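Just below is one structure, and these are the notes that go with it.
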Amino acid sequence: LNPANQAVLHWGKSPTILEKLCQLPFNYFFTDELQKVLNPTLLAACFKNDRNREVTERNVSLKFVRVYLEKGKNKAEMDTKEV
């Protein structure tokens, strides 16, 4: 992760790139295939970046990202048990 690349997401006039990501249609928050695109992007944008996290929290509930991570963790644990 690169802080300079993360900063680009909140540069410029509103709506910024990060704000636009947060305003994607609800399908991106509820459809598995679309979550696989949006959630890693939001995680990369917010990782160790308080400004991006604050912008994201103002626009969407991070609950969606948390649930996505929990599903991934549970799947990984199940896959490990099967081996």
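What you see is a predicted model, and the numbers here were worked out from it, not measured in a lab.
- In this structure, N52 CG and I17 CD1 are separated by 10.5 Å, a value rounded to the nearest 0.5 Å.
- To the nearest 0.5 angstrom, L21 atom CG is 6.5 Å from T41 atom OG1.
- When atom types are taken as modelled, the side chain of S61 and the backbone of K63 share a donor-acceptor pair closer than 3.5 angstrom.
- Remark: E54 does not engage R51 in a salt bridge, criterion side-chain N to carboxylate O under 4.0 Å.
- The heavy-atom pair separating F29 from C22 by the smallest distance is CZ-O, 3.8 Å.
- Between the N59 side chain and the V55 main chain, a donor and an acceptor come within less than 3.5 Å of each other.
- For CZ of F26, the number of neighbouring non-hydrogen atoms (other residues, nucleotides, ligands) closer than 6.0 Å is 12 at most.
- Not a single donor-acceptor pair under 3.5 Å links the side chain of E19 to the backbone N or O of L9.
- Taking each heavy atom of Q23 and P15 in turn, the nearest pair found is OE1-CB, 4.3 Å.
- Expressed to the nearest 0.5 Å, how far CD of Q35 lies from CG of L42 amounts to 11.0 Å.
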Legend entry - L34 and V37: CA distance, side-chain angles, deciding distance, side-chain contact (heavy atoms from CB on, under 4.5 Å) verdict: CA-CA 5 Å; L34 296 175; V37 176; 5.5 Å; no
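- If you take CG on D50 and CD on E57, they are separated by 9.5 Å, rounding to the nearest 0.5 Å.
- Nearest heavy-atom pair, F47 versus L1, reported as atom, atom and distance to 0.1 Å: CD2-CD1, 2.8 Å.
- L43 and L62 fall within the same hydrophobic cluster, defined by Ile, Leu, Val, Met, Phe, Trp and Tyr side-chain heavy atoms under 4.5 Å apart, directly or through other members.
- For Y28, the OH atom counts as loosely surrounded, since its 6.0 Å shell holds 12 or fewer non-hydrogen atoms of other residues, nucleotides or ligands.
- For the pair Q6 and H10, the tightest heavy-atom approach, listed with the atom from each and the gap, is O-ND1, 3.9 Å.
- A distance of 9.0 Å separates OG1 in T56 from CZ in R58, rounded to the nearest 0.5 Å.
- Going from atom CG of N49 over to atom CG of N5 covers 11.0 Å, rounded to the nearest 0.5 Å.
- The hydrophobic cluster containing F30 does not contain V67, counting ILVMFWY residues as joined when their side-chain heavy atoms lie under 4.5 angstrom apart, directly or transitively.
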Inset, instruction - Take K36 and E33 through the test salt bridge (Lys or Arg N to Asp or Glu O under 4.0 Å) and record every step on the way to the result. - result: CA-CA 5 Å; K36 290 177 185 176; E33 289 303 311; 3.2 Å; yes
